[in-house]
J.: 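Structure incoming, see below.
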Amino acid sequence: MVGGVDVAYLGGFGIAAAVVLDYSTLEILESAVATCPVKVPYIPTLLSFRELPPALAAIRRLKVQPDVFFVDAQGWAHPYRCGFACHLGLALCKPTVGVAKSRLIGEPTEVDGRTLLLDKGEAIGEAVTIKEHSKPVYVSVGNMVSLETAVEIVHQCSRSRVPEPTLQAHNLAARTKSKLAEGHL
DNA sequence: GCGACAG
DNA sequence: ATCTTGTCGC
Ligand SMILES: [Mg+2]
């Protein structure tokens, strides 16, 4: 099973969504949402401190825990090698993979037919293009998973640019936000 | 000091 | 991330 996590915002609240999909069929097995006050502003490199609380709250509500979580953020591809995906994996003590829609650091470099993100002589992640001629997603190690395995499972879970786990979590968070918004009017 | 900068 | 209409590509 593969899980996905993402957070939406409304007012001063964070709305997190966690989903669990079947690795083979990509069918949604379970999902959960949780909301909590945002206590930290967004500062590049410190995203995890802002999104970890709501994310953990949503994950805690899942009855079945997936074998690995895809996170909508960087993992090892971070200045301190500790992006949100790493932070979440350490907090849960479970495997995680970072799948970001844009780059934080690292120089995209062509190596053996793939585009690695290099920083200070180290391969910290990989730019993965699901569909030719489309913007890539930046995959990096989160916790307990190698970059090679991370890229492999990301491909297995992809139908469009953003892999299903993260996409489903993002959509659920957005829909939940909309409902809360209308109820507030 | 200047530019870059996940979500 | 959020605001926000039409428009482009698959
Ligand atoms: Mg997000």
Side-chain angles (χ1 to χ4, degrees), chain A residues 3-19 33-59 69-91 96-109 115-120 122-143 147 150-151 154 158-182 184-185:
Chain A
V5 192
D6 192 24
V7 182
Y9 297 89
L10 177 62
F13 291 81
I15 304 164
V19 301
V33 296
T35 175
C36 74
V38 181
K39 300 179 178 179
V40 182
Y42 169 68
I43 298 174
T45 75
L46 300 181
L47 174 67
S48 71
F49 293 95
R50 177 179 168 82
E51 304 203 328
L52 190 62
L56 288 176
I59 292 174
F69 273 109
F70 277 15
V71 185
D72 180 40
Q74 308 291 345
W76 194 256
H78 179 280
Y80 310 146
R81 303 293 186 264
C82 193
F84 182 28
C86 297
H87 200 153
L88 180 65
L90 290 168
T96 58
V97 171
V99 184
K101 298 181 293 301
S102 63
R103 187 192 63 80
L104 177 59
I105 64 169
E107 288 307 312
T109 309
T115 306
L116 299 177
L117 281 181
L118 268 42
D119 181 57
K120 299 175 180 176
E122 174 185 20
I124 60 175
E126 181 173 337
V128 178
T129 301
I130 299 302
K131 307 181 67 180
E132 290 301 315
H133 277 327
S134 67
K135 185 178 179 181
V137 286
Y138 301 84
V139 180
S140 62
V141 168
N143 197 218
L147 178 59
V151 171
V154 161
S158 297
R159 285 179 171 160
S160 51
R161 189 173 97 84
V162 176
E164 291 302 301
T166 314
L167 183 60
Q168 293 300 331
H170 182 281
N171 290 334
L172 176 57
R175 278 154 18 198
T176 301
K177 170 188 171 180
S178 295
K179 291 186 178 181
L180 293 179
E182 63 178 71
H184 190 302
L185 295 179

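Quick caveat, the model's predicted, so the values are computed rather than measured. First the proteins, then the strands, lettered A, B, ... as listed; each starts at 1.
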J.: Is any side-chain N or O of A/K101 closer than 4.0 Å to OP1 or OP2 of C/dA1?
T.: yes

J.: For A/A73, answer base if it contacts any base atom (sugar-phosphate contacts may also be present), sugar-phosphate if it contacts only those atoms, and nothing otherwise; contact means non-hydrogen atoms under 4.0 Å.
T.: base

J.: Tell me the interatomic distance from A/L117, atom CG, to B/dC5, atom P, rounded to whole angstroms.
T.: 12 Å

J.: When the distance from CH2 of A/W76 to P of B/dA6 is rounded to whole Å, what number comes out?
T.: 20 Å

J.: May I ask you to say what A/T45 touches in the nucleic acid, namely base, sugar-phosphate or nothing, with a heavy-atom cut-off under 4.0 Å?
T.: base

J.: At 4.0 Å (heavy atoms only), tell me whether A/L52 reaches a base, stays on the sugar-phosphate, or touches nothing.
T.: nothing

J.: Answer yes if the ring centres of A/H78 and A/F84 are under 6.0 angstrom apart, and no otherwise.
T.: no

J.: Which nucleotide sits closest to the side chain of A/P44: B/dG7, C/dA1, B/dA6?
T.: B/dA6

J.: Please give, in whole Å, the distance from B/dG7 P to A/I105 CD1?
T.: 14 Å

J.: What heavy-atom pair brings A/I105 and A/A77 nearest, and what distance separates the two atoms?
T.: CG1-O, 3.9 Å

J.: What nucleic acid atoms does A/Y9 come within less than 4.0 Å of, heavy atoms only: base, sugar-phosphate, or nothing?
T.: sugar-phosphate

J.: Taking A/V71's backbone N and O only, do any of them form a donor-acceptor pair with A/T166's side chain (distance below 3.5 Å, no angle check)?
T.: no

J.: With a 3.5 Å cut-off and no angle check, do the side chains of A/Y9 and A/E51 form a donor-acceptor pair?
T.: yes

J.: Restricting to nitrogen or oxygen on both sides, can you table the protein-nucleotides 6-10 of chain C pairs closer than 3.5 Å?
T.:
residue	atom	partner	partner atom	Å
C/dC10	O3'	A/K131	NZ	3.1

J.: Is the phosphate of C/dA1, meaning OP1 or OP2, less than 4.0 Å from a side-chain N or O of A/H170?
T.: yes

J.: Would you confirm whether A/R50, through its side chain, and A/K39, through its main-chain N or O, come within 3.5 Å as a donor-acceptor pair?
T.: no

J.: Atom CD of A/E107 to atom P of B/dA4: distance rounded to whole Å?
T.: 13 Å

J.: Without decimals, in angstroms, what is the distance between A/F84 CZ and B/dG7 C1'?
T.: 9 Å

J.: Just to verify, what does A/K131 make a side chain to side chain contact (heavy atoms under 4.5 Å, CB included) with, not counting sequence neighbours?
T.: A/S134

J.: Any chance you could lay out the side chain to side chain contact (heavy atoms under 4.5 Å, CB included) test for A/K179 and A/I15, step after step, and finish with the verdict?
T.: CA-CA 11 Å; A/K179 291 186 178 181; A/I15 304 164; over 6 Å; no

J.: Looking at every strand, decide which applies to A/A8 at a 4.0 Å heavy-atom threshold: base, sugar-phosphate, or nothing.
T.: sugar-phosphate

J.: Send over the distance from A/E126 CD to B/dA6 C1', rounded to a whole Å.
T.: 18 Å

J.: CD of A/Q74 to OG1 of A/T45: how many Å apart, nearest 0.5 Å?
T.: 11.5 Å

J.: Between atom NE2 in A/H87 and atom P in B/dG7, what is the gap in whole Å?
T.: 18 Å

J.: Report yes if at least one side-chain N or O of A/Y138 is closer than 4.0 Å to OP1 or OP2 of B/dA6; otherwise report no.
T.: no

J.: In whole angstroms, how far is the P atom of B/dC5 from the CG atom of A/D119?
T.: 14 Å

J.: Could you check which of B/dA4, B/dG7, C/dC3 has an atom nearest any side-chain atom of A/R103?
T.: B/dA4

